[in-house]
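Quick notes on the structure that follows.
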Amino acid sequence: MDAPRVVLGVIGADCHSVGNKILDAFFSEAGFHVVNLGVMVSQDEFLDAAVESDAGAILVSSLYGHGLIDCEGLRQKAVERGLDRILLYAGGNLVVGKTAFEEVERKFKAMGFDRVFPPQVDLAAVAELLRKDLRSRKN
Amino acid sequence: MDAPRVVLGVIGADCHSVGNKILDAFFSEAGFHVVNLGVMVSQDEFLDAAVESDAGAILVSSLYGHGLIDCEGLRQKAVERGLDRILLYAGGNLVVGKTAFEEVERKFKAMGFDRVFPPQVDLAAVAELLRKDLRSRKN
Amino acid sequence: MTSNRLDWKDFLAQRRAVLDAWPTGRDVADIEDGLRYQRTIPEDKNFAKVMSRAKASGRTLIQPRAGVALIDDHIRLLRYLETEGTADLLPTTIDAYTRQNRYEEAARGIEKSMTAGTSLLNGFPAVNHGRDGCRKVTEAVRKPVQVRHGTPDARLLAEISLAGGFTSYEGGGISYNIPYAKKVEIGECLRNWQYVDRLAGYYEENGLAVNREPFGPLTGTLVPPFISHTIAILEGLLALEQGVKSLTLGYGQGGNVLQDLAALASLRELADAYFREAGFEDYDLTLVFHQWMGGFPEDEAQAFSVIATGAFVAAAARVEKTIVKSPHEAMGIPTKEANAAGLKATRQVLSMMADQRICADNAVIEREKDLIRREVGALMSAVRTASGDDLVQGIVRAFAGGLLDVPFAPSVFNRGKVLPVRDNEGYIRLFAKGSLPLGDDITSFHKERLQERSKAEGRPVTFQMVTDDIYAISKGKLIGRPK
Amino acid sequence: MTSNRLDWKDFLAQRRAVLDAWPTGRDVADIEDGLRYQRTIPEDKNFAKVMSRAKASGRTLIQPRAGVALIDDHIRLLRYLETEGTADLLPTTIDAYTRQNRYEEAARGIEKSMTAGTSLLNGFPAVNHGRDGCRKVTEAVRKPVQVRHGTPDARLLAEISLAGGFTSYEGGGISYNIPYAKKVEIGECLRNWQYVDRLAGYYEENGLAVNREPFGPLTGTLVPPFISHTIAILEGLLALEQGVKSLTLGYGQGGNVLQDLAALASLRELADAYFREAGFEDYDLTLVFHQWMGGFPEDEAQAFSVIATGAFVAAAARVEKTIVKSPHEAMGIPTKEANAAGLKATRQVLSMMADQRICADNAVIEREKDLIRREVGALMSAVRTASGDDLVQGIVRAFAGGLLDVPFAPSVFNRGKVLPVRDNEGYIRLFAKGSLPLGDDITSFHKERLQERSKAEGRPVTFQMVTDDIYAISKGKLIGRPK
Ligand code: B12
Ligand code: B12
């Protein structure tokens with residue numbers, strides 16, 4: 001069986017590259033095929049890569065605070081590009097300022113993200129969820 | 001003119017002696033005649049000393065948290081002892097736990113204290129008030 | 001040197017009167033019951049064993065202060081501190097009425113706390129709650145629990161709490177009198193503490209390790225290391241005489257890092273030297289470092305930094321235990337959250353510094369260690385001369401003559417003529433030495449250092465400078481400079 | 001050595017295009033207007049002067065990071081930080097769109113922030129607010145204000161903010177590219193920064209002191225001192241070439257106290273040596289120490305302790321300035337209260353340590369200083385060889401060849417082959433040296449130290465160990481040990 005394919009990147013004008021390198025190493029190690037776009041990735045670049053690689057999920061990072069502005073409309077664009085069933089995950093310091101995570105989660109789910117994660121998330125648990133979500137999308 | 005007389009002490013089973021020594025030195029320096037009873041002073045000892053020395057004010061310290069229990073009834077007892085016009089000041093860490101000072105003040109004023117002070121009070125300002133209060137009591 | 005061990009028959013005779021002082025004393029009448037109960041306590045809940053292990057592994061354990069009026073609340077508090085706060089060792093801080101053996105007032109405090117729905121006592125009234133109340137507490141938690149108090153006559157509290165499953169008992173006949181009481185006669189107090197130590201020694205004789213910890217910081221306010229060291233060593237000797245084996249000596253942060261490091265290193269060395277000289281060999285010595293015991297800044301961010309500097313010294317000195325303050329210190333007894341915050345802040349520094357070796361081979365530390373050694377030597381030999389063959393009498397005479405003198409203490413049996421002040425680098429020195437039997441070499445060193453500061457500040461050394469230093473840390477400085 | 005100074009005519013020609021990039025550029029078209037305005041700024045609001053005074057008096061100044069979308073909110077924030085937070089120096093942190101010259105997006109951010117009633121930008125969009133917006137800010141406060149950003153092409157921002165009354169400007173052609181950008185060509189970026197430095201130099205020529213501060217910490221993540229030092233010195237040389245006089249070089253806390261102290265001492269010594277060797281004499285060098293720039297613990301009590309350890313090093317090293325983190329660091333841009341808390345915590349440690357001399361004459365510090373000196377020497381001479389007589393070209397070639405390489409950086413022009421990891425005492429060492437031109441003596445020292453850790457932990461040095469170290473401080477440790 002092929003390794004499940006995911007696209008990874010840090011959205012917008014965000015340069016935080018450390019977490020991105022760790023996520024790449026972690027998900028690769030965990031058996032995913034990771035297409036890592038690095039930092040400063042536009043919505044279009046995410047979607048292009050997802051189309052090209054036939055990925056099942058896009059893992060969006062945003063650390064620098066502009067997550068709300070940068071992620072707005074990504075779900076709609078994905079649908080327009082025919083990526084109806086693609087999973088959208090978001091993680092990092094998604095909004096400006098220390099904010100209750102529930103509120104952040106609500107906002108990002110309202111924008112069409114399937115799952116939202118705080119910076120301290122346990123990556124093993126994420127890999128678990130991702131595998132599960134990918135399987136159920138397949139059916 | 002004679003130096004105004006005040007009784008000073010730490011009430012109850014309270015052993016905190018450092019502030020007491022400083023208060024003694026400060027008010028003496030500031031021109032008061034201080035009758036310092038030290039630590040672990042009972043209500044009766046305070047009143048006895050006030051009667052004996054014909055003091056205009058009693059400065060009660062409580063640091064250790066039992067201030068509410070220890071100070072209850074002091075005003076009534078003072079009245080019983082004929083000290084109708086004596087000033088009662090309280091200062092220190094008057095209750096158990098970090099508490100809004102307004103609340104502490106309210107409680108101690110309800111018990112008949114004339115003025116109530118937090119630990120960080122500026123002593124020069126207190127001396128000022130004390131002098132003023134003593135003068136107005138005289139009339 | 002064990003000649004002064006309290007005679008067992010006398011102990012038992014005294015015991016009857018002790019247990020009669022309050023109804024809960026009856027529950028511990030059978031002394032064997034306490035032993036039987038302690039035998040059921042697993043090793044990793046035994047304070048002495050856990051301290052010993054920390055020593056072997058070079059770890060610094062963290063312990064908060066905490067105690068509230070009611071049993072269930074107290075258990076909730078301790079559980080929170082061991083889980084959320086990651087405390088290695090737990091306390092049970094006793095309320096101030098119990099410390100004065102005022103059990104009726106403690107009873108009233110319990111009642112009032114029940115109706116108020118919050119603790120109106122500043123600690124846990126263990127005597128009133130009795131043996132079974134204590135067992136409920138010590139059984140409810142996973143970590144070893146120590147009684148922390150400040151009780152001049154702590155015999156009944158010791159009986160009840162040891163039978164109640166506590167495995168460590170703080171205090172001593174000097175350190176729980178001079179800073180904590182006003183009119184308690186020193187000889188009487190020391191004899192009451194011989195009882196406590198004898199009780200702990202009895203547990204030891206029966207194979208049950210009980211940790212004993214004299215209270216190092218005394219008044220917590222600019223106490224020069226040699227004064228608290230001398231008292232710690234004397235209390236250590238008194239405890240060893242009664243059969244105590246697990247001994248933790250303490251020192252409170254002074255604020256100058258090098259002086260603190262010198263103090264901790266010399267405390268360990270000097271205690272060992274004096275104990276061995278007195279013929280003791282079979283004991284287990286560990287150290288506790290108290291984060292700054294004087295007035296704290298009101299601002300919580302600043303308080304966190306005072307806590308962190310203390311943790312830093314604890315880490316650098318590799319003490320076995322540090323007692324942790326909270327960001328609420330200046331304001332009142334901490335909430336459980338504030339208490340846990342102090343623990344977590346301390347843990348962070350300790351962990352970050354755990355593998356680092358800073359300030360090793362420092363010439364200034366050696367200079368200060370040598371000074372402390374000579375200062376302690378002077379006081380110890382004066383006490384020895386005053387003692388003849390009875391250390392208790394010697395201590396009584398030493399206080400009466402001002403050969404021992406604790407700054408700012410409330411006791412009328414303490415001369416109170418010694419005044420400390422910081423020098424120009426923040427070392428705690430003597431401004432007034434009272435009658436302390438220090439040689440000229442020592443006093444002139446202190447004087448020189450103070451002249452340096454006096455010159456730098458352009459003012460003479462006076463009580464105002466002492467006052468300024470007392471306030472300094474609470475106002476964000478180490479040294480109380482003018483302006 | 002001033003041969004590479006940007007020709008003034010070329011500068012002016014370039015200037016027109018720079019100012020055309022956004023409408024607010026027009027307001028600063030008259031370069032003399034900026035000079036006139038800066039002449040009205042009093043000495044104690046001039047960043048360069050205040051840094052210089054700190055150096056003379058041995059004080060460590062404190063500065064936060066802060067910036068929000070709207071002018072009035074930003075002023076309120078800065079005022080709060082200088083009063084409640086007692087900041088000595090103020091920042092204006094620029095938002096991330098402006099940093100990428102995306103002024104339209106910044107404009108949208110301003111609008112959205114206005115309707116949201118809260119800042120949706122992560123900084124102050126100074127270009128959009130223009131010269132007069134900047135003057136409103138710098139006039140509203142009592143302390144000197146610096147622009148802090150991370151902008152590869154920072155020419156327009158420099159023009160507007162210097163004319164707007166800012167007296168210090170952070171950044172450099174390497175330090176604001178490699179960690180902050182992905183596809184910005186190094187030579188182009190360096191030339192744009194020559195423009196910025198030339199502008200600052202022009203102010204200096206006209207008697208107006210402008211402080212310049214290359215960004216020391218780079219990616220803030222386990223950067224070995226010699227890598228950031230080499231880059232700081234190169235950026236210093238480039239700035240001096242353009243006429244900059246007031247230069248503040250930076251270094252980010254690594255976490256091992258002795259390594260950090262060695263790094264700070266050697267940064268000052270090495271920079272001076274290289275600058276003098278290059279023929280510069282008339283400059284004013286000061287140091288800035290950044291509190292831990294990597295991932296912070298989420299828990300605020302733990303965060304306070306990370307802040308305090310940083311403050312401790314700043315105090316011990318007697319740097320002129322320390323940049324302060326807040327207890328919110330791990331979570332998001334701090335509220336003004338959290339930001340002030342970080343400042344107050346830092347102030348407390350600095351004040352308590354101000355008169356203490358710890359870690360003086362430490363042999364380990366000397367060992368590390370010597371190591372850093374040799375490491376920086378190796379890199380500098382490789383860059384020099386690559387340079388011929390054009391340092392810009394040398395730096396471009398050095399990055400292309402991996403002679404310079406910043407760990408974890410996002411830039412595609414950075415090789416990214418260097419991997420740092422901590423040794424068994426927490427010193428940051430090299431696990432993979434990539435193509436860094438280090439001699440065998442140096443690399444074998446690194447290797448030995450890592451073997452020690454590998455042995456202690458019973459596992460090989462791998463990327464997992466690096467990852468563990470990246471997480472370590474945020475999880476309460478210095479070293480990411482297994483289990
Ligand atoms: C040093 C100290 C001790 C020393 C005292 C030594 C001694 N004999 O003096 C030791 C270690 C022995 C000790 C013991 C205890 N302490 Co204590 N101690 C402190 C500490 C750290 C500093 C006190 C001090 O000396 N400050 C310096 C002096 C100059 O300031 P001050 O005492 O506040 O006095 C000034 C002001 O309050 C004001 N003031 C005081 N009275 C008055 C009156 C008037 C009229 C006016 C105008 C002003 C005024 O002016 C004074 C001079 O500036 C404080 C916390 C803190 N402040 O940081 C806790 C603190 C007071 N202690 C506390 C407690 C609970 C205890 C204990 C019960 C033990 C325990 N559970 O931890 C025992 C008390 C036993 C007993 N019987 O009293 C609590 C009180 C809690 C509360 N109120 O909620 C505090 C606040 C610590 C805490 N946060 O838990 N303590
Ligand atoms: C190091 C750092 C920098 C370095 C980055 C170097 C580099 N190129 O990587 C430098 C100094 C250059 C920098 C710059 C800036 N930074 Co910065 N930075 C940090 C810091 C301290 C650590 C980040 C880090 O590397 N952490 C370690 C890695 C391993 O963790 P991580 O990045 O969080 O990633 C993990 C998780 O978030 C999660 N995750 C991330 N994405 C995703 C996605 C999915 C799907 C999942 C499941 C999980 C997941 O898994 C990752 C791996 O464990 C953080 C604060 C902190 N965390 O303590 C601030 C922080 C992220 N930075 C911040 C800001 C604002 C900036 C700046 C705008 C400058 C400023 N105003 O201060 C600029 C950004 C410019 C730009 N164009 O982006 C803010 C963001 C604020 C907010 N969201 O409210 C933070 C939170 C600091 C703060 N409290 O103000 N920064």
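Just so we're clear, the structure is a prediction, and the values are computed from it rather than from any experiment. These numbers come from the heavy atoms of this one structure, side chains and all, not from hydrogens, waters or symmetry mates. Labels below follow one simple rule: chain letters A, B, ... track the order of the sequence lines, proteins then strands, and each chain is numbered from 1.
Salt-bridge formation is not detected for the pair Asp355(D)/Arg422(C): no Lys NZ or Arg NE/NH1/NH2 atom is positioned less than 4.0 Å from an Asp or Glu carboxylate oxygen.
Proximity to chain C (any heavy atom under 4.5 Å) is shown, for Arg453(D), by neither the backbone nor the side chain. Interface remark: Asp299(D) contributes side-chain atoms only to the contact with chain C (heavy atom separation under 4.5 Å). Residue contact with chain C, scored on non-hydrogen atoms closer than 4.5 Å, is absent for Pro327(D).
Between atom CG of residue Leu350(D) and atom OG of residue Ser305(C) there is a gap of 9.0 Å, rounded to the nearest 0.5 Å. Taking CZ from Arg357(C) and CG from Asn362(D), the interatomic distance works out to 13.0 Å, rounded to the nearest 0.5 Å. For the atom pair CD1 (Ile479(D)) and OG (Ser351(C)), the distance works out to 11.0 Å, reported to the nearest 0.5 Å. Annotation: the span from Ile358(D) atom CD1 to Asp260(C) atom CG amounts to 11.5 Å, rounded to 0.5 Å.
Of all heavy-atom pairs between Val306(C) and Met352(D), the closest is CG2-SD, 4.0 Å. Here the shortest heavy-atom pairing between Ala345(D) and Ala301(C) reads CB-O, 3.5 Å.
Ring-plane geometry between Phe312(D) and Phe312(C) is classed as tilted, the angle between the planes lying from 30 to 60 degrees on a 0 to 90 degree scale.
The choice from Gln259(D), Glu300(D), Lys344(D) that makes the most heavy-atom pairs within less than 4.5 Å of chain C is Lys344(D). The most heavy-atom pairs under 4.5 Å with chain C, out of Gly476(D), Cys359(D), Ala354(D), come from Gly476(D).
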The test is side-chain contact (heavy atoms from CB on, under 4.5 Å); show your working for Leu478(C) and Gln356(D) and say whether it passes. CA-CA 10 Å; Leu478(C) 179 65; Gln356(D) 302 191 41; 3.2 Å; yes
Any chance you could lay out the side-chain contact (heavy atoms from CB on, under 4.5 Å) test for Gln348(D) and Ile473(C), step after step, and finish with the verdict? CA-CA 8 Å; Gln348(D) 180 81 23; Ile473(C) 286 184; 4.1 Å; yes
